[in-house]
2 protein chains.
Amino acid sequence: MRASVPITVDGLKSACSQCNLVELCLPFGMSDRELSRLDELVGSRRKVKRQHNLYRAGDSFEAIYAIRAGSFKTDVLLEDGREQVTGFQMTGEILGLDGISTESHSCNAVALEDSEVCVIAYDKLEQMSHEIEGLQLQFHKVMSREIVRDHGVMMLLGSMRAEERLAAFLLNMSQRFTARGFSPSEFNLRMTREEIGSYLGLKLETVSRAFSRFQEEGLISVQQKHVHLLDPAGLKRLIQHQHGAR
Amino acid sequence: MRASVPITVDGLKSACSQCNLVELCLPFGMSDRELSRLDELVGSRRKVKRQHNLYRAGDSFEAIYAIRAGSFKTDVLLEDGREQVTGFQMTGEILGLDGISTESHSCNAVALEDSEVCVIAYDKLEQMSHEIEGLQLQFHKVMSREIVRDHGVMMLLGSMRAEERLAAFLLNMSQRFTARGFSPSEFNLRMTREEIGSYLGLKLETVSRAFSRFQEEGLISVQQKHVHLLDPAGLKRLIQHQHGAR
DNA sequence: TATGTTGGTTGACTTGGGTCAACGGCTGTG
DNA sequence: CACAGCCGTTGACCCAAGTCAACCAACATA
């Protein structure tokens, strides 16, 4: 199990080969030799303050971003102002893949806390993918994983009841915190009830009530954004046996 | 505007350069010179009978598929039997991208009618992407487009009301039939009310009622699977001004 | 330390869509 | 070409989640 993400020191070399997020990020599974060639891929780093946009829908697409520290949400907006959060992203995850198809971004990426990303110029990535054996495959896997993840969210939105959705969300967060060396059972959410609700296709009041219900039933303990999973198996059971679901 | 898809003749050469679906399919935007090199990419064709699987969740991933004739649905199943249709695919569209990430498929692909696909071995695609300039970019665009499409479905499932969802679905079908040289306003759906419902996160009765309502209001005329859009602008308006939406 | 603001909780009430059931019309298979 | 099973429609009723509103807790700003 690895330690938590270190504080970024300005001027630190932005080398993938030196980064402790390698196992979670684009370079996963690449050989040491390939990894060292990858160091030139990250042209620069960029800090994004809480609530600020990394990019907006309509922005021309130049680069994808690997999250080095912090976290983000992505959302799409309808003309009438309705918002749909399409995902929450954590360290090591890749942002901006939506931009490739039309050469302009189709969603907004907003930092949930002060964050930092590695900027990966897309034309350089294309070029290096031709040269480095493992990079192309790895990049394809990252995109494919995003598609699979999206299908999971559709399952959630299309066929699950409110409490099942929240249970699935909490277990997913737990699993991702675990992969980053944090506690599987205790963590601080970075997003508001409203953002969770938007992601899960629920109103914030419904999210709040589901949290309270889980607490009453001894499945979790919550205080504001701090969540403690007391009975993860119970949460899993909740999802599997549909309690008279739609 | 191009003619409709011709009947496939057995023994016809499976060359991309000879295929009238080029503009809708993986080779879109590639030069003639590149296109001719692509002909070796499609190793074989495969016919899939109505209701039969092209692949199943768990199958090991070997190839992606370009739809040459017919149409498909993809779905994911939960342990308790709940099904979520994640998409409907038409000629020229690519199936199987979900398999890249884990090297095994994560969803089922089922033919909605007797269909035929071009089999594109994934290792060959990887290799040729290294060599042919435009192929890599085009493949990335196909994957990215899938991600953008999925975000649209999330918007639909997470923030729209039943009638808005069906209106969006019908307009999307219309647009895709149009791109294939068919009428924008009149077409035959290949899927059942239950499959539409699963895709839209609704029960089949709700889908049926929404169809009837649209007909009463003069927006469409329906008879079984045959749909005639009488007022596409009206359907668009329905989506934009949320009629007191969630 | 006061104070406005945002985020979260809870209650009372409403409603869109789910559930259950009956029925009729295609359709494709023997 | 008959008929069984699937598919689609419609009605009556119900309930999970939305809406509206009040209020409290945390936190940022002065």
Side-chain angles (χ1 to χ4, degrees), chain A residues 49-51 73 82-85 110 112-114 156-167 169 188-217 220-227 238 242-246, chain B residues 49-52 73 82-85 110-114 156-167 169-170 188-216 220-227 238 242-246:
Chain A
K49 283 231 158 294
R50 187 177 126 87
Q51 305 278 37
K73 69 168 177 181
R82 279 180 282 183
E83 178 199 30
Q84 176 68 33
V85 171
V110 182
L112 295 174
E113 59 195 306
D114 292 356
L156 199 140
L157 291 170
S159 335
M160 287 186 179
R161 326 187 70 271
E163 293 192 0
E164 294 178 301
R165 295 184 200 189
L166 186 63
F169 170 74
N188 281 295
L189 298 171
R190 303 291 139 85
M191 65 293 284
T192 67
R193 300 291 190 262
E194 185 166 27
E195 286 164 334
I196 297 171
S198 172
Y199 180 62
L200 299 178
L202 302 169
K203 289 286 150 187
L204 67 93
E205 294 95 328
T206 306
V207 174
S208 181
R209 279 187 247 269
F211 268 119
S212 301
R213 180 83 76 94
F214 285 172
Q215 183 155 255
E216 279 165 33
E217 291 169 351
I220 66 171
S221 117
V222 227
Q223 184 149 71
Q224 305 293 122
K225 294 195 159 63
H226 187 83
V227 178
L238 221 153
Q242 79 207 78
H243 289 236
R246 60 166 75 173
Chain B
K49 283 229 157 298
R50 188 177 126 85
Q51 304 279 37
H52 285 232
K73 69 168 177 181
R82 279 180 283 184
E83 179 198 32
Q84 175 68 33
V85 171
V110 181
L112 295 175
E113 59 194 308
D114 292 357
L156 198 139
L157 291 170
S159 335
M160 288 185 178
R161 326 183 74 271
E163 294 192 359
E164 294 178 302
R165 295 185 200 190
L166 186 64
F169 170 74
L170 290 173
N188 281 295
L189 299 172
R190 303 290 139 87
M191 65 293 283
T192 67
R193 300 290 190 262
E194 185 166 26
E195 287 164 335
I196 297 171
S198 172
Y199 180 62
L200 299 178
L202 302 169
K203 290 287 148 184
L204 67 94
E205 294 94 329
T206 305
V207 174
S208 181
R209 279 187 247 269
F211 268 118
S212 302
R213 181 82 76 93
F214 285 173
Q215 182 155 255
E216 280 165 34
I220 66 171
S221 117
V222 225
Q223 185 149 71
Q224 306 291 122
K225 295 194 157 64
H226 187 84
V227 179
L238 221 153
Q242 77 206 81
H243 290 236
R246 59 164 77 172

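Everything numeric in this text was worked out from a predicted model, so none of it was measured. All values below come from the heavy atoms of this structure, side chains included, with hydrogens, waters and symmetry mates left out. Note on naming: letters A, B, ... go to the chains in the order of the sequence lines (proteins, then strands), and numbering restarts at 1 for each one.
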A:E194 CD - D:dG18 P separation (whole Å): 13 Å

Integer-rounded Å distance: D:dA17 P and A:L157 CG: 13 Å

A:L112 side chain reached by A:E195 side chain, heavy atoms, under 4.5 Å: yes

Rounded distance in Å - CG (A:L166) to P (C:dG8): 13 Å

Distance, rounded to the nearest Å, where B:Q215 contributes CD and D:dT9 contributes C1': 11 Å

Polar side-chain atom of A:R165 near backbone of A:L157 as donor-acceptor pair, under 3.5 Å: yes

Phosphate OP1/OP2 of C:dT9 contacted by A:S208 side-chain N/O (<4.0 Å): yes

Residue B:L204, side-chain atoms from C-beta onward, closest of C:dG17, D:dA17, D:dT9: D:dT9

5'-most by nearest nucleotide on DNA chain D - B:Q51 or A:E205: B:Q51

Residue of the set A:H226, A:K225, A:E113 for which side-chain hydrogen bond (donor to acceptor under 3.5 Å, both in side chains) holds with A:N188: A:H226

Any N/O donor-acceptor pair, A:R209 side-chain to D:dT19 base, under 3.5 Å: yes

Rounded interatomic separation in angstrom, taking CZ from B:R161 and P from D:dA17: 16 Å

N/O (side chain, A:K203) to phosphate O (OP1/OP2, D:dT19) under 4.0 Å: yes

side-chain N/O A:S212 vs C:dT9 OP1/OP2, d < 4.0 Å: no

Along DNA chain D (nearest heavy atom to each residue), the more 5'-positioned of B:T206 and B:R50: B:R50

Contact under 4.0 Å: B:T192 side-chain N or O vs D:dC6 OP1/OP2: no

Short side-chain to backbone donor-acceptor contact, A:S159 and B:Q84, under 3.5 Å: no

Heavy-atom pair of closest approach, residues B:Q224 and B:V222: O-CG1, 3.8 Å

Nearest atoms (heavy-atom pairs only) where B:L189 meets B:I196: CD1-CD1, 4.0 Å

Annotated protein contacts, base or backbone, on nucleotides 25-30 of chain D with a non-hydrogen cut-off under 4.0 Å, one of B, S, - each: ------

Five-pair end axes of the helix from C:dT1-D:dA30 to C:dG30-D:dC1 and the angle they enclose, rounded to 10°: 60°

